[in-house]
Amino acid sequence: MADRGITGFELWRAASGTGADLLWRVRKNIVLPVLEAFDDGSCLSAIVAAGDRERRDPVRVIEYTLGREDDDTVYRLAKASPFQQVSGG
């Protein structure tokens, strides 16, 4: 599990290469396009290398709030996806 300040493609790829089951909190300004929406509200997306848009790893994105009154902050988690490859692999 990692916090939002250290998300990046190269780090993600290195960590996922160890076989770890990744779950990282992701900053809201990181673009994670919805490739497929799931019934539970999560979606399939991809973390993309900044210098090479063809290099990407699939992730499942989960957005949530803490359910507090007067706090509508949306948090995002990226989880290593069970899908082997998203186009452009």
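Figure legend: cation-pi geometry between Arg60 and Phe38, with NZ or CZ positioned under 6.0 Å from the six-membered ring centre and within 45° of its axis.
Heavy atoms only, all atoms of each residue included: Arg76 and Asn29 are closest at NH2-N, 4.4 Å. When all heavy atoms are compared, the tightest approach of Arg55 to Phe9 is NH2-CE2, 3.2 Å. Considering every non-hydrogen atom in both Val61 and Leu32, the closest pair reads CG2-CD1, 3.8 Å. Of all heavy-atom pairs between Val59 and Ala46, the closest is CG2-N, 3.9 Å.
Taking the charged nitrogens against the carboxylate oxygens, Glu63 and Lys28 have no contact shorter than 4.0 Å, which rules out a salt bridge.
Residues Leu22 and Ile30 share a single hydrophobic cluster, defined by chaining ILVMFWY side chains whose heavy atoms lie under 4.5 Å apart. Linking ILVMFWY residues whenever their side-chain heavy atoms come closer than 4.5 Å, directly or via other members, leaves Val48 and Val34 in distinct clusters.
Summarising the geometry, atom CG belonging to Leu66 is positioned 11.0 Å from atom CG belonging to Asp72; distances are rounded to the nearest 0.5 Å.
Distance alone, capped at 3.5 Å, is enough to place a donor-acceptor pair between the Ser45 side chain and the Pro33 backbone.
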- Step by step, would you call Ile62 with Tyr75 a side-chain contact (heavy atoms from CB on, under 4.5 Å)? CA-CA 8 Å; Ile62 302 122; Tyr75 298 91; over 6 Å; no

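Using cut-offs of 30° and 60° on the angle between ring planes, the pair Trp24 and Trp12 is perpendicular.
Checking each of Val74, Thr73, Leu77 against Tyr64 for a side-chain contact (heavy atoms from CB on, under 4.5 Å) leaves exactly one that passes, namely Leu77.
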